[in-house]
Amino acid sequence: MSAHQPPNQGRMLALLVALLGAGFALILLPFLGAVLWAVFIAIVFEPLHARVRLQVGSRPTVAALLTLGLIVAIVILPLVLVGIAVVQEAATAVQRVRSGELNFAVYLQQMVDMLPSWARAILNRLGIVNLEALQAQLTALLAGSGQFITTHLLGLGQNTLDFLVALAIMVYLLFFLLRDGRDLSDRIARSIPLDPRHTERLLGQFVTVVRATVKGNIVISLVQGLLGGIAFAFLGLPAALLWGTLMALLSLLPAVGAALVWGPVAVYMLVTGQVAAAIGLTVWGVGVIGLVDNLLRPILVGKDTGLPDYLVLVATIGGIAVFGINGFVIGPVIAAMFLVAWQLMTDRGPSDPR
C-alpha cells in the first residue's frame with residue numbers, strides 16, 4: 001500500500017460504488033421494463049447471434065445489426081401489430097358496453113333464470129340479483145378495465161409516446177448487448193467477489209433460467225391464446241382476438257391462466273341453454289388448451305430451470321404480483337438463483353474457508 005493511500009480506501013470505494021449504483025438504478029427505474037427486456041432478449045437470442053457472427057467474421061457491429069434486424073422482423077414488429085389490433089378491438093368492445101349494445105344485466109338475468117329456485121333464493125338473500133345496480137357496476141368496471149387495457153396494460157392509446165420511447169430504448173440497448181454482451185458479462189463475472197467457479201455457476205443458472213422461462217412461457221402463451229381465440233371465433237363470440245390475447249397473457253399463470261377466460265364463458269353458455277357449445281368449449285379448454293400447459297410447461301420451463309412445478313407456479317405468480325408482467329421471468333430467476341446460492345453455501349460448510 002502506498003504511504004499516501006488512506007487505509008480505508010477500499011471501504012470508501014465500495015460505499016461510493018453502492019451509492020452511485022443506487023442512483024443509477026433510480027435513473028433507470030422509469031424504463032426498467034425496457035432495460036430488463038433488452039437483457040432477456042439478448043440472452044435468448046445469443047445462440048442465433050453466435051451463428052450470425054460465424055457468418056460475418058470479425059465484424060461485431062455488422063453481426064449485431066443483422067441479429068437485431070431478425071429480432072425486429074420476427075418478434076418485435078409482429079407483437080406491435082397484434083397489440084395495435086387488440087387495442088382497437090378493446091376500444092370497440094368498451095364503446096359497445098358504454099352505448100348499451102352489450103347489456104350485461106340481460107346476460108345475468110338469463111343466467112339467473114336458468115338457476116334452480118333454491119339457488120335463486122340464496123342469491124336473493126345475498127342481494128346479488130339486484131340487476132340494475134349490478135349492471136351499473138359491471139359497466140363501470142368493464143369501461144374502466146377497457147380504459148386500463150388501452151392506456152396502460154398494452155402501453156398504447158394515451159401512452160403511445162411512452163411506449164415508443166421504451167421500445168426505442170429497448171432496441172437501442174439490445175444492439176449494444178448483442179455487440180458487447182460477452183465483454184460485459186466477463187467484466188461482471190470478474191467484479192463479483194466470489195470463487196470463479198461459484199460465479200460461473202450462478203451466471204450460468206441465470207442465463208439458463210432466463211432462456212427457459214422466456215422461451216417456454218411465451219411459446220405456451222402464444223399457443224394457448226391462439227387455440228382459445230380459434231375456439232371463440234368458431235363459436236361466433238365477439239372480439240375473439242381480444243379474448244385470445246387475454247388468454248395468452250393469463251397463460252403466464254401456470255395451470256389456471258387461460259381457464260379464467262374460457263371457463264366463465266362455458267358456464268354462461270351452459271346456463272343459457274347453449275349446452276352443445278358449452279360442452280365443446282369445455283372439452284377444448286381442458287383437453288386441448290389445458291393439455292398444452294400440462295405437456296409443454298414441464299418440458300420447456302421446469303426441466304431446463306431445474307425447478308419443481310410447484311415452485312415455478314409460486315415464483316411466477318409471486319413475481320407477477322410484485323414486478324408486474326416482467327415478474328413471470330424475474331420470479332423464477334430469483335427462485336432459481338436463491339436455490340443455487342443456498343446449495344453453494346451448504347456445499348461449503350461452516351468451516352470451509354473458500
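A pairwise comparison of heavy atoms in A63 and V52 identifies O-CG1, 3.7 Å as the closest pair. Contact detail for V209 and A336: the closest heavy-atom pair is CG2-CB, 3.4 Å. Closest non-hydrogen pair, M269 versus L237, comes out as CE-CD2, 3.7 Å. The shortest non-hydrogen separation linking I43 to P47 is O-CD, 4.0 Å. The minimum heavy-atom distance linking G327 with P332 is given by the pair O-CD, 3.8 Å. Taking both residues in full, the closest heavy atoms of V329 and T213 are given as CA-CG2, 3.8 Å, listed atom of the first, atom of the second, then distance.
In this structure, the side chains of M170 and I76 come closer than 4.5 Å at one or more pairs of heavy atoms. A heavy-atom distance below 4.5 Å is not found between the side chains of L281 and F234. Between W262 and V286, some side-chain heavy-atom pair lies under the 4.5 Å cut-off.
Judged as a side-chain contact (heavy atoms from CB on, under 4.5 Å), and not counting sequence neighbours, the contacts of L222 are I218. Under the side chain to side chain donor-acceptor pair (under 3.5 Å) criterion, W37 pairs with N326, sequence neighbours left out.
Between the side chain of W284 and the backbone N or O of L227, at least one donor-acceptor pair lies under 3.5 Å.
In terms of hydrophobic clustering, with Ile, Leu, Val, Met, Phe, Trp and Tyr side chains grouped at heavy-atom distances under 4.5 Å, L77 and L174 are assigned to different clusters.
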